[in-house]
Amino acid sequence: MNFLSNNIYYIGCFGLIFIGLYIVLTKKNLIKVIIGINFIDTGVNLFLITIGYIRGGTAPIFSRPGLNPERMVDPIPQALVLTTIVIGVSVLALALSLAIRLYHHYGTLNLRKIRELKW
Amino acid sequence: MILITILLIAFGGAFVTYLAGKISGKLRNILAVLVSLALVVLISLIYRREISREYYTLPFLNLKLILMSNPLSWFFAIIIAGIGLLSILYSLEYMKDKERLDYYYFTLLFINASMLGTVISGDLLSFFIFWEIMSWSTYLLISYKGGKAIAAGLKYIIMSIIGSLAMLLVIISLYSRYGTMEISAIASYMQTASIGYTLFILITSSLSFVIINAFWPLHTWLPDAHAEAVSPFSSVLSAVLVRKGIYGLYLFMYVILGLNILNKLHVGFISFSSVLCGIGAVTIVFAAFTALVQEDSKRILAWSTVGQGGYMLLGIVFATASGMTGGMFHVLNHCIYIALLFFVAGAIEHRTGGIRNINELGGLIKRMPVTFIAALVGISGLIGIPLTNGFVSKWLIYKTLILGNHPFLAFAAFVGTWGTVLYGYKFIHNIFLGQLPEKYKHIKEAPLLMQLPMILLTVTVILFGVLPGIPLRVISAIQRQVALPPLQTTLFGIPKEAGELNMINVLFAILISCFIVWLLFRRAAKSVPVQQDDSYAAGSYVPKEKYHYTVNFYNPLSKMITPYLRDVASLFYLNIARGTQRVCNIIRRVYVGEVGYYAMYIVLFLAFLIFIQMFF
Amino acid sequence: MRKIISLILLGIVCVGIIFALYSIPFGKDKIKVGKHYIYNGIKETGAVNIVTSVVLNYRGFDTLGEVTILFIAALGLGVVLYGKKKKRKEGLEPASLVLYTGCRFLFPLILLFGAYIFIHGHLTPGGGFQGGAIIASGFLLSYLGCPRKWISKERFNITESLGGLVFVIMGLIGLTIGGYFLSNFLPKGIANTLFSAGIIPILYCAVGFKVGAELAGIIYNMIE
Amino acid sequence: MIFVFLLVFLMLAGAIVASIFKDLMNSVIAMALVSLIASILFYFLQAPDVAMAEASIGAALTTAIFIIAIRRTKRHEE
């Protein structure tokens, strides 16, 4: 139980990453694969934030006087993840538009049938 | 100062010619001729200077450019400039209607310039740089015609790059060991190097020269490249560029290492020179008989280029006075007559509209007499008939081989000469003698501008055959430079002390016998030229071309020798290529075309890394 | 078969990660560079929200690059989906009256909320990215509720370009005045007030408009 | 703490369920759930900025984009 309570966030983010990877590895529907990629994205974001966390810390915002700067969590991963999320959604949209295009071209989203990359 | 002027004129002239071509074609032609003429004049001016060096420090990287002129480089430089001038003159008419002429002239001049650079550079780095410029621009010009020529050029450049990399390895090794690139300094350091290092330097550097000179196992690029290049450039390629290999071998073997070290390089009875001798002998025999079964006029000449290289090698490997002289003289001679023969082949190609298959030709002697005489003299030189220059050099080489107790090598050389006689006769006969095909009834003699280089070279072949003392004096200066025993020469040949050869006597003897033969034929001629009548078989007309008896010349002989002429080297390379392709085909299967597999590879690699990290 | 192989591989990776994670204990103080930002952030930038000061001041140039990536992704999406435009609008069912009215009522409020979030980016959690996303979701709502009132694509483009332009111009002014790109040349003001932190609110407004227009444009492109 | 356990469990369950569903629309909704819980976890990890971004972008916009994409392609995985 102690182990679990120490590592529950790690379990969460890596569980998410592994489920995403599993989806990417095994599923054959293109949109499903993109969903998996989104899971990986979320998991990595969660991991970055988890690394910057301090037990009992506060958010890095001096919204009221008397906050202890010693107990503030790391602002840098937060800043990185902030931009990552936005980039993630735009890349996701790009991937989905490609999926739409592929569907219009091949009439299917099944990756086993779209084998143009083979040579 | 004059050396850098030569280089500047050569390289600058190429660029100026290219730019002039953008303005007008005539200006470009004039400039090209002027530049090559200026080079010939300038190089003639530095004859008889003693060894001179010029030092320049380039503004970047503190590199030194050292230029050097000595008899050896003068010898090669004058060949390069001379053949360059003639081929430019020849191209004026030959290339008249072709496309991309600016590019053509630019590249041709650029190749000449870089070849000049390689012979007058005094340090290995600039030697290498000029060598690379030469390789690449040659590649560009070989593939000028497109189509098959691109494949030929590719073949050339791949082999050339292999050689260049070997040479680069040598240069880097020498520099890191001795801290200098100047040839004379390296030569003095190398006197104290260990045997193993010397062997490494020699073998690795000669790889490059063996490739460029197309000796037997590495010759495969040459026939294609020579056949597919445009004719004026084929002559440059065959006469000059290929012989840069001999220059390089000479440079590394005698200028840098010297005779003392070379004599020490042997394991048991196998020495470095004996290996080279074997290569030369195989090259001679193999190439001569392969040329015999070719049907393409330029391909015959290309294979003869391969074969004649073997004679030069046999000559210069034996460091005796006569052998060295014979080898170097053969370089000059071969360059003259092979350029002449390529000009002949080009003239026929030009007039008949690109016909290179000699079986379709015949009887052109009446239509193109000047070309015929040029071809006859050229072939005589190639075979080594007395009164042509080829005779003198081959005589010297045979003499070396026989006096040096090398019966097998001498036999190989003789066999090669027999093959040369056969394919030389085939060349002359199939093109000029026999029956004139109907469609060539009205072709004209080659244009005057194309005749001019041919006539010049024809005269030179005879001149050097009758008066071999002129070039031999230059060659003995080379030998004196590298402290080899020079051959004593007179104007007409070789004096009694060094082994009698007096061409003036031979000249008179031949003139007299010619007179007698002429008289005999005059008196006892029985053949009467008759008109060929139309012929019919089973009531239908048989075209006259069917009677063309030059087709399948030497058919029984070719049938006999063809099984032995399988180009083992070429097959070997082909098999390597095929094997590589097969392996790559197998490797290619990992690209299955499905995203999941690609992701799987990534995870697999990750797992592999983790596995290694955890257990090792 | 494939599932088993993937599970085995993922298991190996999982084991490796578990071992690797032992050196990163959860909740311990591992901050190095962040400390500097936390202690000197207010003094140097005037922004109370340290994340904002990192995003727009310390790593402002990165944010410009990030916005550029966003722009390029939107551009790529437009290029990929460019082509035959079906007239879908005729086929759409009109929304019910309740939905229609609700959307029209909520739309300005959502925009206002988004604007509030990015204007107060240096004081409270939130900022240009979040505010932009909220604005984009407002446009999504307006599409769902009242598709005929859809704003034309050109306005999104103009807004988005203006946002990028303001960002770059602010950076260039900073370059001329302060000596480096995006230097904070405006007065810092008093911390915890709206008009503080120099150029950060301006930049965040630009980013908010840009991201909002960009994401709305992406949705627009996907729907068309 | 038990609340965090519950959330993480729910999040992972949502992810697994998203991978299992044959109807892509259900998968996408499960994915939205995952994003939403992730944003709550961000808030617990003292990152309100990120929580906001994740909630507005991950849970709302991404879902919308996915739904649009599914509407333009095919709803069911074969």
Side-chain angles (χ1 to χ4, degrees), chain A residues 4-5 8-9 11-13 15-16 18-20 22-23 26-32 34-36 38-39 41-43 45-46 48-50 52-54 57-61 72-73 75 77-79 81-86 88-89 92-93 95-97 99-100 102-104 107-110, chain D residues 1-2 4-22 24-25 27-28 30-32 34-35 37-39 41-58 60-78:
Chain A
L4 264 185
S5 65
I8 184 66
Y9 285 103
I11 290 169
C13 58
L16 217 49
F18 282 125
I19 291 167
Y22 178 78
I23 292 175
T26 54
K27 296 294 168 185
K28 53 183 189 289
N29 186 295
L30 191 50
I31 288 187
K32 217 58 176 291
I34 296 174
I35 289 175
N38 193 25
F39 282 159
D41 196 14
T42 313
N45 289 345
L46 198 54
L48 283 176
I49 296 293
T50 311
Y53 182 67
I54 299 173
T58 55
I61 303 171
M72 279 189 175
V73 300
Q78 299 194 10
V81 168
L82 196 59
T83 53
T84 310
I85 289 172
V86 181
V89 73
L92 210 69
L96 281 174
S97 71
I100 292 171
L102 278 174
Y103 182 75
H104 279 292
T108 177
L109 282 173
N110 192 339
Chain D
M1 204 63 207
I2 197 75
V4 175
F5 281 141
L6 207 64
L7 282 180
V8 169
F9 174 74
L10 210 61
M11 182 173 80
L12 294 183
I16 290 170
V17 159
S19 79
I20 288 171
F21 274 136
K22 289 284 171 199
L24 287 176
M25 211 60 107
S27 292
V28 169
M31 194 197 78
V34 169
S35 277
I37 295 174
S39 89
L41 288 179
F42 282 138
Y43 180 71
F44 282 157
L45 288 168
Q46 298 297 331
D49 292 84
V50 183
M52 237 162 134
E54 181 70 29
S56 63
I57 292 176
L61 274 181
T62 311
T63 316
I65 291 172
F66 264 107
I67 289 172
I68 294 166
I70 287 170
R71 200 189 65 175
R72 290 186 65 170
T73 54
K74 208 173 183 184
R75 183 163 169 174
H76 290 275
E77 184 188 1
E78 74 256 32

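Keep in mind that the numbers below use all heavy atoms, side chains included, and drop hydrogens, waters and symmetry copies. Chain naming here is simple, since letters A, B, ... match the order of the sequence lines and numbering starts at 1 in each.
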>> Would you compute the distance between atom CD1 of A/Ile100 and atom CD1 of D/Ile68 and round it to the nearest 0.5 angstrom?
In response: 8.5 Å
> Non-hydrogen atoms of chain D under 4.5 Å away: do they reach the side chain of A/Ile85, the backbone, both or neither?
Replying inline: both
> Which bit of A/Thr108 is near chain D, if near means a heavy-atom gap under 4.5 Å: side chain, backbone, both or neither?
Replying inline: side chain
> Rounded to the nearest 0.5 Å, what separation is found between the CZ atom of D/Phe42 and the OH atom of A/Tyr53?
Replying inline: 14.0 Å
>> Less than 4.5 Å apart, side chain to side chain, heavy atoms only: is that true for D/Arg72 and A/Tyr103?
In response: no
>> Tell me which of these, A/Thr42, A/Val81, A/Ile35, has more heavy-atom pairs under 4.5 Å with chain D than the rest.
In response: A/Ile35
> Within a strict 4.5 Å, meaning less than it, do heavy atoms of the D/Ile57 and A/Val86 side chains meet?
Replying inline: yes
> To the nearest 0.5 Å, how far apart are CD1 in A/Ile23 and OG in D/Ser27?
Replying inline: 7.5 Å
>> For D/Ala18 versus A/Phe39, what's the shortest heavy-atom pair and its separation?
In response: CB-CZ, 3.8 Å
> What option among A/Thr58, A/Leu109, A/Asn110 has the most heavy-atom pairs under 4.5 Å with chain D?
Replying inline: A/Thr58
>> Counting heavy-atom pairs under 4.5 Å with chain D, which one of A/Leu82, A/Val89, A/Ile61, A/Ile49 comes out on top?
In response: A/Ile49
>> Using modelled atom types and a 3.5 Å cut-off, is there a donor and acceptor pairing between side-chain atoms of A/Gln78 and backbone atoms of D/Gln46?
In response: yes
>> Taking side chain as everything from C-beta outward and backbone as N, CA, C, O, which of these in A/Leu16 sits under 4.5 Å from a heavy atom of chain D? Side chain, backbone, both or neither.
In response: both
> Can you tell me how far the CG atom of A/Leu30 sits from the OG1 atom of D/Thr73, to the nearest 0.5 Å?
Replying inline: 9.0 Å
>> Counting only non-hydrogen atoms closer than 4.5 Å, does A/Asn45 touch chain D with its backbone (N, CA, C, O), its side chain (CB onward), both, or neither?
In response: both
> If you measure from CD1 on A/Ile11 to CG on D/Leu12, what distance do you get to the nearest 0.5 Å?
Replying inline: 8.5 Å
>> Less than 4.5 Å to any heavy atom of chain A: does that hold for the side chain of D/Leu10, its backbone, both, or neither?
In response: neither
> Which bit of D/Phe9 comes within less than 4.5 Å of chain A, counting heavy atoms only: side chain, backbone, both or neither?
Replying inline: neither
> Given that the side chain runs from C-beta out, which part of A/Tyr22 has a heavy atom under 4.5 Å from chain D: side chain, backbone, both or neither?
Replying inline: neither
> Quick one: does A/Lys32's side chain have a donor or acceptor within less than 3.5 Å of a partner on D/Phe21's backbone?
Replying inline: yes
> Looking at D/Ala69 and A/Leu96, what are the two nearest heavy atoms and their distance?
Replying inline: CB-CD2, 3.8 Å
>> As an exercise, state the distance from CG of D/Leu24 to CG of A/Asn29, rounded to the nearest 0.5 Å.
In response: 5.0 Å
> Do D/Thr62 and A/Leu92 have side-chain heavy atoms sitting under 4.5 Å apart?
Replying inline: yes
